[in-house]
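In what follows, a structure is listed as structure tokens, so that the remarks can point back to it.
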Amino acid sequence: MAPTDAYARIYAVVRRIPRGRVATYGQVAEAAGLPGRARQVGYALHALAGGTAVPWHRVVNAAGRVSARAMPGDELRQQQLLEREGVGFEGGRISLPRFGWRRRGAR
DNA sequence: GCAATGACGCTCT
DNA sequence: CAGAGCGCCATTG
């Protein structure tokens, strides 16, 4: 019952995502120290419940798309937030190679 | 403790 | 390039 530890780790990673960029669940999971547990990252964000200072809207799936949530319309809001930060959507999809978060100095 | 679900990812068609 | 199916792991009931 103390998954909060892993959750806090995920939140910390999401928090370090620079504005105008998006990270995939798998990437966040790996950065959080949970390789292969991308699904749990989604769980953690779902448990977020709003009110938390975590830019969860910067987290998208590997398809570069916003994952379907329980509340329809909320994903629309996430897309709008990303566009507002400078992320460009292509056909409703984000160009991960272009806006994908790159915590490596590579570029 | 067992079974089902889930903000996902990858491979094949 | 796009769409569909299968797999992996943790959380919840």
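Quick note on labels: first sequence line is chain A, next is B, and so on, each numbered from 1.
Distance alone, capped at 3.5 Å, is enough to place a donor-acceptor pair between the A/Tyr11 side chain and the A/Ala44 backbone. Remark: the backbone N or O of A/Arg77 is not paired with any side-chain donor or acceptor of A/Asp74 at under 3.5 angstrom.
Straight-line distance from the CZ atom of A/Arg65 to the P atom of B/dG9: 14 Å, rounded to whole Å. Nucleotide B/dC8 holds its P atom 10 Å from the CG atom of A/Leu45, rounded to whole Å. Per the geometry, CD1 belonging to A/Ile10 stands 12 Å off C1' belonging to C/dT11, to the nearest Å. Summarising the geometry, the separation between OH on A/Tyr25 and C1' on C/dC9 is reported as 16 Å, rounded to the nearest angstrom. Across the protein-nucleic acid pair, A/Leu76 atom CG and B/dA7 atom P stand 18 Å apart, rounded to whole Å. Atom pair A/Asn61:CG and B/dG6:P shows a separation of 17 Å (rounding to whole Å applied). In this structure, A/Leu34 atom CG and C/dA10 atom P are separated by 9 Å, rounded to whole Å. In this structure, CD of A/Glu30 is placed 15 Å from P of C/dC9, rounded to the nearest angstrom.
Across all strands shown, A/Ala68 has heavy atoms under 4.0 Å from sugar-phosphate atoms exclusively, and none from any base.
For A/Arg9, the CZ atom is loosely surrounded, since the number of other residues' heavy atoms within 6.0 Å does not exceed 12.
A heavy-atom distance below 4.5 Å is not found between the side chains of A/Trp101 and A/Leu96. Counting heavy atoms from C-beta on, the side chains of A/Ile10 and A/Leu34 come closer than 4.5 Å. Inter-residue side-chain proximity for A/Arg15 and A/Trp56 is flagged as unmet; no heavy-atom pair is nearer than 4.5 Å. Counting heavy atoms from C-beta on, the side chains of A/Glu83 and A/Phe89 come closer than 4.5 Å.
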Handout entry: Trace of the side-chain contact (heavy atoms from CB on, under 4.5 Å) decision for A/Glu75 with A/Arg65
Key = CA-CA 9 Å; A/Glu75 42 182 284; A/Arg65 253 199 146 178; over 6 Å; no
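Salt bridge present: A/Glu85 and A/Arg58 bring a charged side-chain N and a carboxylate O closer than 4.0 Å.
Contacts of residues 36-44 of chain A with DNA chain C (heavy atom under 4.0 Å): A/Arg37, A/Arg39, A/Gln40, A/Tyr43. DNA chain C lies under 4.0 Å from at least one heavy atom of each of the following residues of residues 81-101 of chain A: A/Arg93.
Closest to the side chain of A/Ser67, out of C/dT11, B/dG9, B/dC8, is B/dC8.
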